[in-house]
J.: 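Below you will find the structure I want to go over with you.
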Amino acid sequence: MNDCFNKEQMKHIWRFRLTNLFYGFAMSTLGFLVLFLESTGMTPTQVGFVLALNSLLGAIAPPIWALIADKIRSRYKVFLLSSMVGAITFGFVPLSANIRVFGIVLTAVLIPAGSFFRMPGFSMLDTMAMEACRRIGGGVEFSAIRVWRSIGMSAMSMIYSPFVNELGPAFVFYGFSFFVGMVLLMRNNLKQFQLEQPKGRKSIPLHELQVSRLVKDYYLVVFIIINLFMMVPQNCSRYVVYLVGEVGGDESFIGVINSIRIAANVLVMFAAPYLKRKIGMPAMMITASALFMAQGLLYQVCGSTFAILITSTVGGAAMGLNVATGVNYVSLMAPKGLEATAISLYAIGNPMTGILANFFGGQIIDNFGTRAIFLFGFCAACIWLVVFLLSFYVGRHVLKKEPPIPLWPRAVDVLTRKAP
């Protein structure tokens, strides 16, 4: 790959890789959220409520911040502000576990508040990476940059695991603040890949953005909506820690499970450029939904920690396919000037489904057992698959609209296709 790019291009590519790597180090903290909340004495229902509130604020935040970014034409400034405040908030989480305000544990407030700022940073980094791929040129793949975030998450989850066993899960929140701080120190490379600033103006009036253009694209709207279902199995995976305890395993082993699951994600993302050329993005997303369904069924028969570990790689591969295609697919269909808003609307699928999966997840576990939550994820993946396939049929045969990419393209580089 290095032979395809000049020295300047490789400099930008490696800077973005390192930025995503350290952001992945920070995000590995999220894999220990359930374990931390459980360590404070919360029941599964209470944990689910906190995570649902966490997802609610995480869902509200990205489109608000993205609209601001599109208006002021600066993803960079939004990324800096949201990441900085999110890092400070998460740094106070361990100190808040024994503090109550009006009878409410302060932790239950700080974690969701941190998500209001953390989630926009996540989507802003993706949009800047997409812009970097476009400007760097030479056919650089978004997945080849984004995969380094998964590498960081996998590596740090593995490193954290033995320390969590000895010290407890609270200290990982300090790690989040530290590594986000490292990302902010590498901010100069990000500044070059924000939206181009119109001459003579610091912002664009909202009416000129014509946000209504987003809802006029049938395939884009359907894809953003059904992404809610694709994210359900991913959110349900947070409760694997309870399944580990059910089979008699050490719950601190969740760090190793998360690491191996993300490693499967990484391997798939490395293969993503080849898969896009051979089978195309729609087929990759269909495969992802099938793997999520398989994961939901396999968790029903897991009787050991090792079986859970192996099953988690199926979900990891599914998420790898989804990450490698979803943002690209949305960017391909998004109206010019509204890329950040479109990608952020797509990104809120994760926290939006997290609201339902987490709010009902704890109650499902308390009333029906741990394995029932994974059947919930199985059903959601089935719904995604059916609606996705139907959207192509309805689009072509009822609405007479050609899809941006054929459902089964024949060995073409789908990234070179333009949306109609």
Side-chain angles (χ1 to χ4, degrees), residues 27-58 89-100 103-115 118 153 156-158 160-176 234-261 299 302 304-305 308-309 311-312 315 351 354-374 376-377:
M27 289 185 63
S28 64
T29 297
L30 305 180
F32 297 92
L33 273 181
V34 173
L35 189 61
F36 171 72
L37 292 172
E38 186 186 28
S39 72
T40 65
M42 292 185 182
T43 66
T45 296
Q46 292 170 330
V47 170
F49 179 78
V50 173
L51 293 181
L53 183 58
N54 183 58
S55 297
L56 175 62
L57 291 181
T89 305
F90 264 48
F92 282 106
V93 166
L95 305 176
S96 67
N98 297 317
I99 300 175
R100 289 181 176 271
I104 301 173
V105 179
L106 190 57
T107 299
V109 177
L110 283 182
I111 290 178
S115 277
R118 175 182 58 80
M153 291 176 66
M156 195 51 59
S157 293
M158 184 70 77
Y160 275 153
S161 193
F163 292 101
V164 167
N165 189 38
E166 294 294 326
L167 305 174
F171 83 96
V172 300
F173 289 90
Y174 298 123
F176 181 90
Q234 178 67 15
N235 277 282
C236 291
S237 294
R238 293 183 180 183
Y239 291 98
V240 168
V241 63
Y242 290 116
L243 187 58
V244 172
E246 184 178 295
V247 300
D250 185 345
E251 290 186 350
S252 66
F253 192 69
I254 191 64
V256 175
I257 292 174
N258 286 337
S259 179
I260 299 300
R261 176 175 57 83
Y299 274 137
C302 286
S304 67
T305 303
I308 294 171
L309 179 68
T311 300
S312 72
I355 297 170
L356 294 176
N358 292 318
F359 184 76
F360 292 109
Q363 297 181 55
I364 290 172
I365 290 173
D366 278 338
N367 291 286
F368 302 103
T370 304
R371 298 176 196 266
I373 189 66
F374 304 114
F376 184 43

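Everything numeric in this text was worked out from a predicted model, so none of it was measured. One-based numbering along the sequence shown. Atom set for the values below is all heavy atoms of this structure, side chains included, hydrogens, waters and symmetry mates excluded.
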J.: Are the side chains of Met42 and Phe49 in touch, meaning some heavy atoms are under 4.5 Å apart?
T.: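 They are not in contact (no side-chain heavy atoms under 4.5 Å apart), so the answer is no.
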
J.: Hey, is OH on Tyr174 packed in by over 12 heavy atoms from elsewhere, all under 6.0 Å?
T.: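 It does: Tyr174 OH has more than 12 such atoms within range.
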
J.: Are there over 12 heavy-atom neighbours, none belonging to Phe163, within less than 6.0 Å of that residue's CZ?
T.: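 Atom CZ in Phe163 is not packed in, count stays at 12 or less.
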
J.: Are Val34 and Tyr242 close enough, and set up right, to give a side-chain contact (heavy atoms from CB on, under 4.5 Å), and what steps lead you there?
T.: CA-CA 9 Å; Val34 173; Tyr242 290 116; 3.8 Å; yes

J.: As an exercise, state the distance from CZ of Phe32 to OG of Ser161, rounded to the nearest 0.5 Å.
T.: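 If we round to the nearest 0.5 Å, Phe32:CZ and Ser161:OG are 5.5 Å apart.
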
J.: Answer yes or no: is there a side-chain heavy-atom contact under 4.5 Å between Leu51 and Tyr239?
T.: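 The answer is yes, as the side chains (C-beta and beyond) meet within the 4.5 Å cut-off.
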
J.: Over all heavy atoms of both residues, which pair between Ser39 and Pro169 is shortest? Give the atoms and the distance, please.
T.: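 Residues Ser39 and Pro169, closest heavy atoms: OG-CG, 3.9 Å.
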
J.: How many angstroms lie between CZ in Phe176 and OG1 in Thr89, if you round to the nearest 0.5 Å?
T.: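 Those atoms lie 9.0 Å apart.
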
J.: What closest approach, in Å, do Leu309 and Ile257 show between heavy atoms, and which atom pair accounts for it?
T.: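 Smallest heavy-atom distance, with atoms named: CD1-CA, 3.8 Å.
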
J.: Would you say the side-chain atoms of Asp366 pair up with the backbone N or O of Thr45, donor to acceptor, closer than 3.5 Å?
T.: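 Indeed, once roles are kept as given, a pair shorter than 3.5 Å links the two residues.
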
J.: Taking the side chain as every heavy atom from C-beta outward, state whether Thr107 and Val93 have any atom pair closer than 4.5 Å.
T.: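 Answer yes - side chains close enough.
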
J.: If every non-hydrogen atom of Ile111 is compared with every non-hydrogen atom of Leu37, which pair is closest and at what distance?
T.: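 Closest approach of Ile111 to Leu37, heavy atoms only: CD1-CD2, 3.9 Å.
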
J.: List the steps and the verdict of side-chain contact (heavy atoms from CB on, under 4.5 Å) for Val172 and Phe36.
T.: CA-CA 9 Å; Val172 300; Phe36 171 72; over 6 Å; no

J.: Are there over 12 heavy-atom neighbours, none belonging to Phe253, within less than 6.0 Å of that residue's CZ?
T.: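 Atom CZ in Phe253 is packed in, count exceeds 12.
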
J.: Nearest 0.5 Å, please: how far is CZ in Phe360 from CD1 in Ile373?
T.: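 Spacing of CD1 (Ile373) from CZ (Phe360) equals 10.5 Å.
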
J.: With side chains defined as the heavy atoms from C-beta onward, is the minimum distance between Val240 and Tyr299 less than 4.5 Å?
T.: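 Yes, their side chains come closer than 4.5 Å.
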
J.: Between Pro94 and Ala170, what is the shortest heavy-atom contact and its length?
T.: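 Looks like CG-O, 3.2 Å.
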
J.: Assess the residue pair Val164 and Phe171 against the criterion (side-chain contact (heavy atoms from CB on, under 4.5 Å)); give the C-alpha distance rounded to whole Å, side-chain angles, the decisive distance to 0.1 Å, and a yes or no.
T.: CA-CA 8 Å; Val164 167; Phe171 83 96; 3.9 Å; yes

J.: Quick check for you: to the nearest 0.5 Å, what is the distance between Asp250 atom CG and Thr305 atom OG1?
T.: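 Result: 8.5 Å between the selected atoms.
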
J.: How far apart are the closest heavy atoms of Ser28 and Tyr160, and which atoms are they?
T.: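 Minimum heavy-atom separation between Ser28 and Tyr160: OG-CE1, 3.3 Å.
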
J.: Just say parallel, tilted or perpendicular for the rings of Phe173 and Phe90, cut-offs at 30° and 60°.
T.: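 Taking Phe90 first and then Phe173, their aromatic rings sit tilted (interplane angle of 30° to 60°).
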
J.: Hey, could you give me the OG1/CE distance between Thr29 and Met153, rounded to the nearest 0.5 Å?
T.: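 Nearest 0.5 Å value for the OG1-CE distance: 9.5 Å.
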
J.: Enter the distance from Ser312:OG to Arg261:CZ here, rounded to the nearest 0.5 Å.
T.: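 Nearest 0.5 Å value for the OG-CZ distance: 7.0 Å.
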
J.: Please report the closest heavy-atom contact between Cys302 and Val247, naming both atoms and the distance.
T.: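 Smallest heavy-atom distance, with atoms named: O-CG1, 4.0 Å.
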
